[in-house]
Novice: 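Pasting in a structure now, in structure tokens, and then I'll have a few things to ask.
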2 protein chains.
Amino acid sequence: MNDSLRISRKFSQRSVMEAIVQGGPISRASISKQTGLSKQTISEIVRGLEEEGWVQETGRTSGHVGRTAVTYELVCDAAFIIAVDLGGTKVRVAITDLACQIFAEDTAPTDPRGGRFVVEQIAAMAFDAADRQKITREKIRLAVVGVPGAPCSETGRVLLAPNIAGFDTMDVVGAFEEVLGFGAMLENDVNLAVLGENWLGQGQGIDNLAYVALGTGVGSGLMVGGHLVRGVSNAAGEMGFLPLGADPFEAESLRTGAFERAVASHGMAERYAALSGNTVTVPTIFAKAEAGDAAALTVLDDTARYLAAGVAAIAAIANPQKVILGGSIGLRPEMLERVKAFLPQCFPYPVNVETGELGARAAIIGAAAIGLGQLHNTLFGVDAPDGRISLPRANVNALREAI
Amino acid sequence: MNDSLRISRKFSQRSVMEAIVQGGPISRASISKQTGLSKQTISEIVRGLEEEGWVQETGRTSGHVGRTAVTYELVCDAAFIIAVDLGGTKVRVAITDLACQIFAEDTAPTDPRGGRFVVEQIAAMAFDAADRQKITREKIRLAVVGVPGAPCSETGRVLLAPNIAGFDTMDVVGAFEEVLGFGAMLENDVNLAVLGENWLGQGQGIDNLAYVALGTGVGSGLMVGGHLVRGVSNAAGEMGFLPLGADPFEAESLRTGAFERAVASHGMAERYAALSGNTVTVPTIFAKAEAGDAAALTVLDDTARYLAAGVAAIAAIANPQKVILGGSIGLRPEMLERVKAFLPQCFPYPVNVETGELGARAAIIGAAAIGLGQLHNTLFGVDAPDGRISLPRANVNALREAI
DNA sequence: AATAAGTTCGGTAACAGAACGAATTAAAAG
DNA sequence: CTTTTAATTCGTTCTGTTACCGAACTTATT
């Protein structure tokens, strides 16, 4: 069959699908108005989509002048994707349908043995979730797995991921595909968090967006012009190695980055210990600060000052429209408040900083976003790698904690 | 006429043009092989292009088995663009033809009165150059002007450009278009430098590229996935405000950025004065370092250490494949050598750093690149804003100094 | 009666692909 | 060493096919 014609065809098909996905039940005449394609063409394309089982008739309009219109809707259980947020301590797994509804979100402690065990754990969770939703496996098309580290697309390995054993030496993508039986994609977890916030959170409609995740470690994710910045070796956003906070030329900074040592949880605890003599956890520091503990307040101030400098560095280099703070520490309002106060003291033009709206679920929602975009593109879209589909707002069902 | 068909047509037309631009004199059969389009289609498209005056027959092949082929070539004087690199002290103006040949490059001191005077000076230089090359004005389609600062596409003003008076309050784009009589585009000069090096210099074939220009000030330009990162307010790359080097929380850092004060020429001179008691210019410091002056060597080392940290910051956030050093200080081999030595001491994974190949002419070559890409896209290409055309290697003619 | 939804019909631009003639060289035959 | 033949490539012509548009028409509804 003719190749460029097929692209041409698929192009229109995709915009029709987009109109149907976005516009809920919609008549062919409305699609025609929205897309600018002729009524006749829309009828043809919709007929094709209906035959292939992607859309279905759902009703008719009424109440308006003129003939009633037949409305079409997505067959939302025509395909599913698995979204996974794999952390060092927790795994989240969710299933999403074509209509971008996220359900069956499960959480479990990450299998500490790492490697193949984690892959199998995730597969089991995914299939369990699918079974609960009565979803047959053939309908699952793709899994998107967020990992803390830099996945390598050639080898399928995950570099810079010290928290999950064995992922740096095995073909993780291959292992997933083998166990799951369908396609799998790996993506850095913070990158997914930006995408998530961009889709359903703080960053909606913002094409130049940064996300700074601060918790046990630090990482950043950057979107420029609506696309993720991954870097050559998928190591963009390894913000822990910013030469800020501690002396970057100290030998230790080559192992744990200077910035990470300054702002991440370990550094905070250490500074608190130095000031007060007590070794406590980060949540305790926040609690003590709330109670007025001077050392705790100093630790928070100092951390926020460094964090503000980190945000300034991102703003100086990439000038995003908004910087979203995330991670267990970054999500605290006490941090946001302080960063907002410190930023104008160290950076000349205003930077829009906010905490994430989606909290710890940003990454898994981002995984769903990337998976759905990918799926819509391969099913209905152009081959262009940067053909972004705009996903509709989705209802995110309740979280189910396992065990 | 049918819209999506027109896109379809133009799409093929562009790839045919690209093949002709790249492949020099080329037969229709070869274009067919290269593009994958059928011979018949190529004949049709080439006929159209020939009728419109963009390509012409230039000869026939011989020596091979089989029938001789008629070869086609670009009519390279079918259209021209003006490339301008406007600096605080110097203006460079060049003319480029469709075949990406750059000629008539002129340099003059920038009119110190700024504003409209500079615009008129540039127009005069451009028309003078066109006259010398016997190029009629109707054939000039576009001017691309590199400016030190952040051009605003809505208002046409140039922000953060203290070196050219009046540009922050006037519609510079409008003024150019009025005086020149054809379209004009403004772009940050360091952004153009990355594009230039990406086209004909150090960064050929590298899609994730950073450029750090260090001289009187500091600025960076970033390419991600083959596209420039401009940021929301075109202020991406205002690297002078990186919170490194000096204390970013000092009040002075809000005027002149902390990093700029540490690494740029003023800071170097200041540090040398503090160490030796003598106030000298930067070239003198380099000369004295060459002669073994201890204070000068310390200044170079310290500057390089800061610069390495700045490069590390870019690498941590954007992870480019290569970082190119430019600007009067960044181009010195003494700096490169030192930065290469310091980087592994403050950043964990290797960063590829080199000096620019094009020297001070990177920006004007980048201006030509952006203009040619733009022109090819509007004449033959899709409307897609990110449809990049790959330009061929170009011969860059000799520079002509004015006065 | 007005109006909107959808279909039918005819038309067109942009391609593909097969077949074919033209032009050329390489190699075999005389 | 010439002539013939085979192989090869170039370019055109002719015949589809696909993906659309637009006008006219039918149908259903307020």
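So that the names make sense, note that chain A is the first sequence line, chain B the second, and so on, each numbered from 1.
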Novice: Does the side chain of A:Ser30 come under 3.5 Å of the side chain of A:Ser27 through a donor N or O and an acceptor N or O?
Specialist: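 Yes.
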
Novice: In whole angstroms, how far is the P atom of C:dA13 from the CD1 atom of B:Ile45?
Specialist: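 Distance check: B:Ile45 CD1 to C:dA13 P gives 15 Å.
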
Novice: In whole angstroms, how far is the P atom of D:dG22 from the CD atom of A:Glu44?
Specialist: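 Interatomic distance, CD of A:Glu44 to P of D:dG22: 15 Å.
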
Novice: Figure out the CD/P separation between B:Gln40 and C:dA18, and round it to whole Å.
Specialist: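 Rounded to the whole Å, the gap is 14 Å.
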
Novice: With heavy atoms under 4.0 Å as the rule, sort B:Ser27 into base, sugar-phosphate or nothing.
Specialist: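 Contact class for B:Ser27: sugar-phosphate only.
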
Novice: Using a cut-off of strictly less than 4.0 Å, decide whether A:Arg60 has a side-chain nitrogen or oxygen near OP1 or OP2 of D:dA28.
Specialist: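 For A:Arg60, the contact criterion (side-chain N or O under 4.0 Å from OP1 or OP2 of D:dA28) is not met.
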
Novice: Atom CD1 of B:Ile31 to atom C1' of D:dT9: distance rounded to whole Å?
Specialist: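 Computing the B:Ile31:CD1 to D:dT9:C1' distance gives 16 Å.
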
Novice: Are A:Glu187 and A:Arg230 close enough for a salt bridge, meaning some N to O gap below 4.0 Å?
Specialist: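 Looking at A:Glu187 and A:Arg230, the cut-off is met.
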
Novice: What is the distance from CZ of A:Arg14 to C1' of D:dA19, rounded to the nearest Å?
Specialist: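 After rounding, the reported distance stands at 17 Å.
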
Novice: For D:dC21, does either OP1 or OP2 sit under 4.0 Å from a side-chain N or O belonging to A:Ser38?
Specialist: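 Yes.
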
Novice: D:dG11, OP1 or OP2 - any side-chain N/O from B:Ser43 closer than 4.0 Å?
Specialist: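 So the side chain of B:Ser43 is outside the cut-off, no N or O lying under 4.0 Å from OP1 or OP2 of D:dG11.
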
Novice: Considering non-hydrogen atoms only, spot the tightest contact between A:Arg60 and A:Thr71 and give its length.
Specialist: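 Heavy-atom minimum between the residues: N-OG1, 4.0 Å.
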
Novice: Is there a donor on the side chain of A:Arg67 or the base of C:dA5 sitting less than 3.5 Å from an acceptor on the other?
Specialist: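 Indeed there is one.
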
Novice: Any side-chain N or O of A:Thr68 under 4.0 Å from OP1/OP2 of D:dT29?
Specialist: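 For D:dT29, OP1 or OP2 has a side-chain N or O of A:Thr68 closer than 4.0 Å.
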
Novice: Distance check needed: C:dA14 P versus B:Leu49 CG, whole Å only.
Specialist: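 One finds 12 Å between P of C:dA14 and CG of B:Leu49, rounded.
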
Novice: Go nucleotide by nucleotide along DNA chain D from the 5' end; which of B:Val65 and A:Thr61 gets its closest nucleotide reached first?
Specialist: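 Checking each residue's closest nucleotide, the 5'-ward one belongs to B:Val65.
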
Novice: Please confirm whether the backbone N or O of B:Ala69 pairs with a side-chain atom of B:Thr61, one donor and one acceptor, at under 3.5 Å?
Specialist: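 Present.
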
Novice: Would you please confirm or rule out a distance under 4.0 Å between OP1 or OP2 of D:dC21 and any side-chain N or O of A:Lys39?
Specialist: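 The answer is no; no side-chain N or O of A:Lys39 sits under 4.0 Å from OP1 or OP2.
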
Novice: Any side-chain N or O of B:Ser12 under 4.0 Å from OP1/OP2 of C:dC15?
Specialist: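 For C:dC15, OP1/OP2 do have a side-chain N/O of B:Ser12 under 4.0 Å.
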
Novice: Both A:Arg47 and A:His64 contact DNA chain C. Taking the nearest nucleotide for each, which residue is further toward the 5' end?
Specialist: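 Residue closer to the 5' terminus by nearest nucleotide: A:His64.
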
Novice: Between atom CD in B:Glu57 and atom P in D:dC10, what is the gap in whole Å?
Specialist: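 B:Glu57 atom CD is separated from D:dC10 atom P by 15 Å.
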
Novice: Give the rounded distance in Å between these two atoms: CD1 of B:Ile42 and P of D:dT12.
Specialist: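 My rounded result for the distance is 12 Å.
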
